[in-house]
2 protein chains.
Amino acid sequence: MDIKNELSMEKAILETAENMFLNKGFAATSTTQIAKEVGCNQALVHYYFRTKENLFNVIFEQKFKLFFQNAFDAGNLDNLKFTDKLKYIIETHFDILSNNPRLPVLIINELARQPHQIEILRDKLRMIPELLFKKLNEELRLEIEQGRIRDVNLMDLLISLISLNVSLFIFMPIIETVLLMDETQKEFLIKHRRAENVEFILKSLRP
Amino acid sequence: MDIKNELSMEKAILETAENMFLNKGFAATSTTQIAKEVGCNQALVHYYFRTKENLFNVIFEQKFKLFFQNAFDAGNLDNLKFTDKLKYIIETHFDILSNNPRLPVLIINELARQPHQIEILRDKLRMIPELLFKKLNEELRLEIEQGRIRDVNLMDLLISLISLNVSLFIFMPIIETVLLMDETQKEFLIKHRRAENVEFILKSLRP
DNA sequence: AAGTAATTTAATAGTGCTATTAATTTAGTA
DNA sequence: TACTAAATTAATAGCACTATTAAATTACTT
């Protein structure tokens, strides 16, 4: 609490709430618990954020934006050849997930709880990937024409890419328990899968 | 309710509860809501299942067993060559998921809520896949030795397989909203990804 | 048809949660 | 130092939920 008091209460509440929402989801987290964890009065949570719903949305939107902005930022890769660019995208996407391992589950659950949020999200999402998508697709078609890559849809490629990357973090709690892994082994697996996903995808794309 | 009354109340409660737990998770589902949906008194839910926790566990264990028994039953495939066997496993696994599309999210959430359940699960799981794993691994090593498949771990192959299959159903609610898909398009995508996952994996395994 | 067990309901105790209000404390300013 | 705004707390209204109990109803058996 001393540590927390050095920061502003508002931020402390935000951070604690973020952790609790990520770990236990919206329904299983109460403002009472958040306050207890922070070490402040429960009314204070409502003083700053008015409602639990609102507190959640502040966190959700912020995390969500951060996540998608970074995860699908292809950067300045114009000088790279297609497979290297793809490798970069896979690895960057993987690393973002690695820094936000619980976020996918939160997103999945929140969108199940409030389906209309998906539509809001859709509009926000449209801009970012459409540009990347168009450009990547042209390059992919060219690679295919020139026989350097087998015939494949970009959409399918992206679904596979995201699937491979995201699943590891979704299933990590299960994997580490079932296989009785310690921290070192966990880190090793993550590092290993990062490379494996790249290899798996690139090998699959060979003509 | 008339329809429900023809069955036993107990089963009606079980089925309704199953749907609600699958759709909204444990915390966001109440025995009051279940009873309202079934059309019976709320106390009846507790009469048959004593506690909400217990009701959930009954459903969870039943679903879980059913799921894993089927999903990793390689059947009598001894006469098939490795890639055909693999194809069969991918497709069977996919089909089980297709019939239980919401189950993965339920499992992920439940295991986050009660981490010790993973350990219980681990012991139950051990038997089923270990046999399959050993056998498959031998065959895979043989294929690699004989140059028909590139060098790859069975564990990595299985993680990729499960990732590709499961993710589609986890993300389906998002995909269909973002891409504005109707029922027909949804079915098409599922059918398409079923084949695509097989192709993606098999192409990747080429030496 | 009477008696017994199983099923179902009504009522409610007890708990924890969200949100609000008014009072109190703290910090900042003139 | 006195005044004002911001931050924090205490108290509580009001609600929904879980679980239990006792009463009522239905089904079953002899």
Side-chain angles (χ1 to χ4, degrees), chain A residues 1-62 106 109-110 112-114 116-117, chain B residues 1-62 106 109-110 112-114 116-117:
Chain A
M1 295 172 208
D2 264 353
I3 301 161
K4 291 268 167 84
N5 275 336
E6 286 170 26
L7 308 166
S8 79
M9 259 311 178
E10 191 177 352
K11 272 183 193 158
I13 292 169
L14 217 43
E15 278 172 31
T16 300
E18 182 182 311
N19 276 328
M20 294 184 77
F21 283 136
L22 279 168
N23 286 325
K24 318 201 300 168
F26 179 83
T29 302
S30 73
T31 54
T32 309
Q33 288 172 307
I34 293 169
K36 193 182 283 175
E37 184 103 352
V38 172
C40 71
N41 190 284
Q42 178 260 352
L44 200 61
V45 178
H46 290 269
Y47 170 74
Y48 280 119
F49 301 98
R50 212 176 71 260
T51 65
K52 177 184 163 185
E53 189 80 37
N54 192 54
L55 170 58
F56 181 88
N57 287 339
V58 168
I59 292 167
F60 186 74
E61 287 210 9
Q62 174 218 319
L106 186 77
N109 283 324
E110 174 54 13
R113 190 173 69 84
Q114 295 195 316
H116 74 274
Q117 283 243 346
Chain B
M1 293 166 210
D2 265 352
I3 300 161
K4 292 268 166 82
N5 275 336
E6 286 170 27
L7 307 166
S8 79
M9 259 309 177
E10 191 177 353
K11 272 184 194 160
I13 291 168
L14 218 42
E15 279 171 30
T16 300
E18 182 181 310
N19 277 327
M20 295 184 77
F21 282 136
L22 280 168
N23 286 325
K24 319 203 298 167
F26 179 83
T29 302
S30 74
T31 54
T32 309
Q33 286 171 309
I34 293 168
K36 194 183 282 177
E37 183 104 353
V38 172
C40 73
N41 190 284
Q42 178 260 350
L44 199 61
V45 178
H46 290 269
Y47 169 74
Y48 280 119
F49 300 98
R50 212 176 71 262
T51 66
K52 177 184 163 185
E53 189 81 37
N54 191 55
L55 170 58
F56 182 88
N57 287 339
V58 168
I59 292 166
F60 186 74
E61 288 211 9
Q62 174 218 319
L106 186 77
N109 282 324
E110 174 55 14
R113 192 172 68 84
Q114 295 196 314
H116 74 275
Q117 283 243 345

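A quick note: this is a predicted structure, and the numbers were derived from the prediction, not measured. Order of the sequence lines sets the chain letters (A, B, ...), proteins ahead of strands, with each chain counted from 1. Heavy-atom basis, side chains included; hydrogens, waters and symmetry copies ignored.
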* To do: Would you kindly say whether Q42(A) and Q33(A) are connected by a side-chain donor-acceptor distance under 3.5 Å?
  => no
* **Euclidean distance, atom NZ of residue K36(A) to atom C1' of dC17(C) [Å, nearest integer]** => 12 Å
* Taking CG from N54(A) and P from dT20(C), how many angstroms apart are they, rounded to a whole number? -> 11 Å
* Whole angstrom is fine here: how far is it from CD in Q42(B) over to P in dT12(C)? => 15 Å
* What nucleotide among dT20(C), dA19(D), dT8(D) has an atom nearest to a side-chain atom of H46(B)? -> dA19(D)
* Asked: In terms of the nearest nucleotide of DNA chain C, which residue is placed more toward the 5' end: S30(A) or Y48(B)?
  -> Y48(B)
* **Gap between atoms CD1 and P, on I13(B) and dA19(D) respectively (whole Å)** => 14 Å
* Is it the case that T51(B) and H46(B) place a side-chain donor and acceptor less than 3.5 Å from each other? -> no
* To do: Whole angstrom is fine here: how far is it from CG in N41(B) over to C1' in dT26(D)?
  => 15 Å
* To do: Kindly indicate whether the side chain of M20(A), heavy atoms from C-beta on, has any atom under 4.5 Å from the side chain of E15(A).
  => no
* Rounded distance (Å) that lies between atom P of dA7(D) and atom CZ of F49(A) -> 12 Å
* Value in whole Å for how far the P atom of dT24(C) lies from OH of Y47(A) -> 18 Å
* Asked: Of all the choices, dA6(C), dT20(C), dT8(D), which nucleotide is nearest to the side chain of L44(A) once you look at every atom?
  -> dT8(D)
* **Rounded distance in Å - NZ (K11(A)) to P (dA7(D))** => 13 Å
* Does NZ or CZ of K11(A) fall inside the cone over Y48(A)'s six-membered ring, less than 6.0 Å from its centre and within 45° of the axis? -> no
* Asked: Of the nucleotides dA11(D), dT7(C), dT21(D), which one has an atom closest to the side chain of A43(A)?
  -> dA11(D)
* To do: Select base, sugar-phosphate, or nothing to describe what T32(B) touches, counting heavy atoms under 4.0 Å on all strands.
  => base
